[in-house]
Amino acid sequence: MKTVLDLNNIEAKTFFLKKESYSSFELPEYICFELLLQNLTKELSGKILKESTTELKPKDAEGVNYTLLNNKDGKFAWRPFQLIHPAIYVFLVQEITKKENWELIQSRFFEFYANDKIECQSVPIAEENEKTDKQNQIYEWWQKVEQRSLVLSLEYRHLLHLDITDCYGSLYTHSIVWALHTIEEAKKPENRNNPHLIGVVIDKHIQDMSFGQTNGIPQGSAIMDFIAEIVLGLGDLMLTEELNRLGITDYKIIRYRDDYRIFTNNSQLSYEIAKVLSDILSKLNFKINSAKTLSSDDVVLGSLKSDKVHWIYNKRKTENIQQWIIQLYVLGNDYPNSGTLYKETKHFLDWLQVKEKSEEGLSTDNPEVLISILVNLAYNNPRLFALVTASLSFLIPQIESIENQKELLIKIKDKFKQLPNTNYLNIWLQRITLKVDPTITYSGKLCEKVLDNSVPIWNSDWLNPKIKKLVEETEIIKIETIEKMEIMFSEEETRELGEYDKLFS
């Protein structure tokens with residue numbers, strides 16, 4: 001399948017400026033950045049960042065990016081999604097996809113991937129077909145990671161899983177320069193601020209959007225996924241060189257972003273390679289997550305995620321909707337926030353929609369009970385927020401009284417208020433609330449902007465007045481979409497949440 005590295009610079013620019021590339025996490029369909037990206041691309045073409053600012057520099061301003069805090073585990077852990085300031089995003093894409101810069105980046109990846117014993121399968125997919133980018137990326141993981149791992153069980157007897165702790169949050173921005181221009185060149189005094197080195201330009205732009213910080217990159221966009229691959233690619237190259245020096249040749253490694261699968265014929269060699277990898281990653285400011293390290297002498301079962309194996313063993317088909325939801329609830333307790341749980345919850349959502357559109361329609365007994373179980377499922381598994389909200393959109397109309405629907409929505413809101421860091425969840429709760437009682441409000445700038453277009457999302461005080469006005473006044477909330485939509489999610493909306501069941505069935 002074609003990746004972004006197979007594109008020329010013009011095609012790559014188009015890919016990164018798509019609305020799906022700008023924001024890779026799920027948002028309701030009425031929140032759309034396409035027009036804003038188009039307007040900024042036209043306005044900023046041929047310009048550079050420092051020519052478009054005021055006396056206030058972006059790296060000296062707080063809140064340049066908009067951070068959406070998302071509860072991670074139903075407790076106190078959280079993950080920050082970021083909407084990069086769209087002006088800096090466009091400037092960054094323009095710089096990366098200049099012909100000479102793009103060709104240099106492509107050539108470096110050619111060096112990173114020279115060792116066929118290390119297979120990287122996480123470069124953003126840029127295939128043009130009927131599937132979304134997200135669906136293509138999932139399919140690529142299934143084919144090139146899971147299925148490929150099963151094939152390797154013919155050659156190897158041991159598998160060791162490793163991953164990096166907080167990869168994006170730990171990435172040292174100066175290491176981008178090391179990766180693209182070699183560590184030796186990057187550390188020369190004359191190159192540390194050289195504006196002609198694309199690595200330096202990327203580093204500076206990330207600092208500009210991050211209040212001058214050099215640790216961490218924003219999570220939630222294709223361009224940042226790609227930048228992470230640049231640094232992780234340097235890690236692959238350093239690992240290759242060290243293993244060659246040590247004379248270690250009998251191995252295969254599959255890397256998907258920050259997840260490593262090391263295949264060997266004995267556990268001792270696997271752990272030796274893991275030690276080398278850990279030393280190299282530490283030089284890039286990364287740490288191995290020891291809690292997620294898994295070793296297996298059964299490469300077949302080791303190639304499959306434990307939640308998937310569990311579901312294959314224990315799945316029971318049922319026509320009873322309440323029993324179905326309880327099965328999902330139990331799976332969520334055993335394997336919180338797992339991929340299988342997401343896939344099966346999506347399958348349940350698709351069934352609700354098909355049932356609703358059938359001749360007999362969707363009819364349920366005790367919808368309040370079903371809603372209660374689903375809300376508790378999402379409460380403990382925040383990865384399901386969007387899917388559960390969509391499912392609720394089909395069950396809430398089963399309650400005939402509008403007043404009872406409003407009371408139920410207040411209860412749901414109050415339930416989730418007990419969790420910290422729910423700005424992302426609020427966006428999805430607002431999606432169904434808008435069509436029942438729009439007077440119910442939620443915290444968070446995006447929720448506020450739905451009701452008041454004058455609410456600024458990003459700090460743009462550092463931009464010149466013309467560009468600042470463009471950012472703040474270009475419509476990102478599609479009011480006509482809100483007016484036309486119903487409480488129940490449309491087929492297009494549910495499809496955008498990802499067709500996991502069709503990809504992995």
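Along the sequence shown, residues carry numbers from 1.
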Rounded to the nearest 0.5 Å, what separates atom OG in Ser45 from atom NZ in Lys13? 5.0 Å

Determine the minimum heavy-atom distance between Pro80 and Gln219, stating which atoms define it. O-CB, 3.8 Å

Under 3.5 Å, side chain of Asp437 to main-chain N/O of Thr433, donor-acceptor pair present? no

Below 30° counts as parallel, above 60° as perpendicular, anything between as tilted: where do the rings of His347 and Trp324 land? tilted

In short, Ile223 meets Val93 closest at the heavy-atom pair CD1-CG2, 4.3 Å

Quick one: pull up OH in Tyr260 and CD1 in Ile288 and give me the separation to the nearest 0.5 Å. 7.0 Å

Rounded to the nearest 0.5 Å, what's the gap from CZ on Phe16 to CG on Leu92? Could you check? 9.0 Å

With no hydrogens and no angle check, is any side-chain donor or acceptor of Ser391 less than 3.5 Å from a backbone partner on Leu387? yes

Look only at the side chain of Ser122 and the backbone of Arg257, and say whether a donor-acceptor pair between them is shorter than 3.5 Å. yes

Is Lys449 reaching over with its side chain to a backbone N or O of Val455, donor-acceptor style, under 3.5 angstrom? yes

Ser358 side chain to Lys355 backbone, donor-acceptor under 3.5 Å: yes

Thinking salt bridges, do Lys204 and Asp208 make one under a 4.0 Å N-O criterion? no

Considering non-hydrogen atoms only, spot the tightest contact between Glu491 and Thr494 and give its length. O-OG1, 3.0 Å

Step by step, work out the ring pair (Phe, Tyr, Trp, His ring centres under 6.0 Å) result for Trp428 and Phe25. CA-CA 12 Å; Trp428 285 104; Phe25 51 90; over 10 Å; no

Got a donor-acceptor contact below 3.5 angstrom from the Ser21 side chain to the Leu17 backbone? no

Would you call the rings of Trp458 and His85 parallel, tilted or perpendicular, taking 30° and 60° as the class edges? tilted

Distance alone, cut at 3.5 Å: any donor-acceptor contact between the side chains of Thr481 and Glu29? no

Reference residue Tyr424; test ring pair (Phe, Tyr, Trp, His ring centres under 6.0 Å); the match among Tyr442, Phe81, Phe416: Phe81

Is the NZ atom of Lys57 crowded by more than 12 outside heavy atoms at less than 6.0 Å? yes

Can you confirm whether the side chains of Asp225 and Tyr168 place a donor and an acceptor under 3.5 Å from each other? yes

Atom CG of Asp365: over 12 foreign heavy atoms under 6.0 Å: no

Between His310 and Tyr335, how do the two ring planes meet: parallel, tilted or perpendicular, split at 30° and 60°? tilted

Is it true that Asn285 and Ser170 share a donor-acceptor pair across their side chains at a distance under 3.5 Å? no

Is it the case that atom CD in Glu360 sees more than 12 heavy atoms from other parts of the structure closer than 6.0 Å? yes

Heavy-atom count check: over 12 atoms from other residues, nucleotides or ligands less than 6.0 Å from Lys59 NZ? no

Quick one: does any side-chain atom of Lys413 pair with a main-chain N or O of Gln430 as donor and acceptor, under 3.5 Å? no

Of all heavy-atom pairs linking Gln405 and Ile399, the shortest is NE2-O, 2.7 Å

Identify whether the distance between the nearest side-chain nitrogen and carboxylate oxygen of Glu146 and Arg261 falls below 4.0 Å. no

Does one side chain, of Asp203 or Gln207, offer a donor that lies under 3.5 Å from an acceptor on the other? yes

Distance alone, cut at 3.5 Å: any donor-acceptor contact between the side chains of Asp259 and His161? no

Take atom NZ of Lys47 as the centre, draw a 6.0 Å sphere, and report whether it contains more than 12 heavy atoms from other residues, nucleotides or ligands. yes

Looking only at heavy atoms, the pair that brings Tyr30 and Arg431 closest together is OH-CA, 3.3 Å

Say you draw a straight line from CD1 of Ile217 to CD1 of Ile206; how long is it, rounded to the nearest 0.5 Å? 6.0 Å

Short question: side chain of Asn464, backbone of Thr54 - any donor-acceptor pair under 3.5 Å? no

Could you please spell out the steps behind the salt bridge (Lys or Arg N to Asp or Glu O under 4.0 Å) verdict for Arg255 and Glu229? CA-CA 10 Å; Arg255 180 176 65 78; Glu229 286 301 326; 3.1 Å; yes

Does atom CD of Gln418 have more than 12 heavy-atom neighbours, drawn from other residues, nucleotides or ligands, at distances under 6.0 Å? yes

Take atom CD in Glu480; do more than 12 heavy atoms of anything else shown fall under 6.0 Å from it? yes

Report the distance from atom CD1 of Ile31 to atom CD1 of Ile457, rounding to the nearest 0.5 Å. 8.5 Å

For the residue pair Ile125 and Phe15, what are the closest heavy atoms and their distance? O-CE1, 3.4 Å

Within 6.0 angstrom of Lys415 NZ, more than 12 heavy atoms from elsewhere: yes

Would you call Glu448-Lys445 a salt bridge at under 4.0 Å N-O? no

For the CG atom of Leu374 and the CZ atom of Phe394, what is their distance to the nearest 0.5 Å? 12.5 Å

